[in-house]
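Worksheet: one structure, shown below.
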Amino acid sequence: MHTEEPESAGRPHLDRTLLADLLLVPHGPLAALSIVEESESTNTELAAAVAADPAAWPAPALLVAEHQVAGRGRSGRTWQTPDRAALTCSLLMRPQVPRESLSWLPLLAGLATVTALRSTLGLDAQVKWPNDVLVPAGEPAGAQSDDEVDGQALEGWGSLRKVAGILTELLPDGGVIVGVGLNVSQTREELPVPSATSLALAGAATTDRSVILTALAEACISVLGRWTAAGGDAWAAGLVGEIEAASATIGSTVRVELTGGAILVGTATGFAPDGGLLVTDDAGQVTTVRSGDVYHLRLN
């Protein structure tokens with residue numbers, strides 16, 4: 001039996017009827033939609049379901065969990081969110097593009113998420129390379145002075161906070177899964193780290209998860225559709241310029257903790273052909289970063 005936790009009060013279930021009407025064919029972009037009460041990880045659950053019965057999951061298909069209890073991020077990081085306080089979903093796509101083009105998926109999903117948050121919620125959302133979405137921190141609850149507001153600056157993040165994370169995975173049959181975890185109604189006490197925030201804390205126009213999920217799914221299908229139509233060429237599709245315009249990282253001074261422990265400091269100046277981050281140091285040397293943790297030292 002599913003037992004509601006105290007913090008679930010005031011956090012309604014997703015409207016399954018409305019979502020099916022808006023998102024499923026013939027009115028919407030999805031061929032399949034499944035909403036489950038609880039999942040350890042929607043990416044893991046969707047991958048297993050597709051492997052077990054591929055015919056039951058025509059692409060594009062979306063799996064959504066009301067409560068995700070063991071979400072996965074990069075480098076094996078895990079987290080748990082309060083019941084119905086977040087949107088945790090995984091989108092199955094089967095893009096007919098060269099395999100080397102798939103490295104753009106995290107940034108494309110980030111752009112789609114930013115698009116949905118800007119157009120539907122009125123937030124100045126931005127993409128942080130390679131797979132995070134940030135929003136302005138907003139005024140701290142109970143702040144009484146300008147000094148307290150100014151104190152929002154957080155080392156490595158400035159005045160921005162993470163509201164969403166993206167995890168993309170390749171399937172053995174050539175399909176891809178794009179997972180998005182979006183904080184919606186968490187209080188400050190419910191957030192795992194100071195660098196995180198929620199849509200509610202950021203002042204979003206709505207925290208109705210059904211509305212937000214509809215906007216997110218439509219934006220993802222639109223962005224990935226443009227990319228697929230261009231044969232996986234994000235440059236030819238005009239998407240790289242849009243990612244750069246929405247990026248909190250490009251133009252910023254960054255510290256990159258590279259795989260293996262090395263540290264790189266410089267200015268993020270653009271993207272490599274495969275979506276890698278170009279970082280130019282004080283000597284003018286350009287390094288392409290394809291994995292590592294990026295911290296913003298100064299936002300321009």
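Quick note: numbers below take in every heavy atom, side chains included, and nothing from hydrogens, waters or symmetry partners.
Taking the charged nitrogens against the carboxylate oxygens, Arg255 and Glu257 do have a contact shorter than 4.0 Å, which makes a salt bridge. We find that Arg209 and Asp15 are not joined by a salt bridge, their nearest charged nitrogen and carboxylate oxygen being 4.0 Å or further apart.
Ser195 and Arg161 form no side-chain donor-acceptor contact under 3.5 Å, judged by distance and modelled atom types alone. Between the side chains of His67 and Glu37, no donor-acceptor pair of N or O atoms lies under 3.5 Å. Side chains of Ser291 and Thr259: a donor-acceptor N/O pair is present below 3.5 angstrom, by distance only. Using modelled atom types and a 3.5 Å distance limit, the side chains of Thr267 and Thr280 yield no donor-acceptor pair. Side-chain contact, Gln68 with Ser39: no donor N or O sits under 3.5 Å from an acceptor N or O.
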Handout entry: From CA spacing to verdict: side chain to side chain contact (heavy atoms under 4.5 Å, CB included), Leu201, Leu191
Key = CA-CA 11 Å; Leu201 292 172; Leu191 293 168; 3.6 Å; yes
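Looking only at distances, a side-chain donor or acceptor of Arg11 sits under 3.5 Å from a matching main-chain atom of Ser185. For the pair Thr249 (side chain) and Trp129 (backbone), a donor-acceptor distance under 3.5 Å is present. Using modelled atom types, no side-chain atom of Ser198 and backbone atom of Asn183 make a donor-acceptor pair closer than 3.5 Å.
Taking every heavy atom of both residues into account, Lys162 and Leu134 meet most closely at CA-CD2, 3.6 Å. Contact detail for Pro60 and Met93: the closest heavy-atom pair is CB-SD, 3.5 Å.
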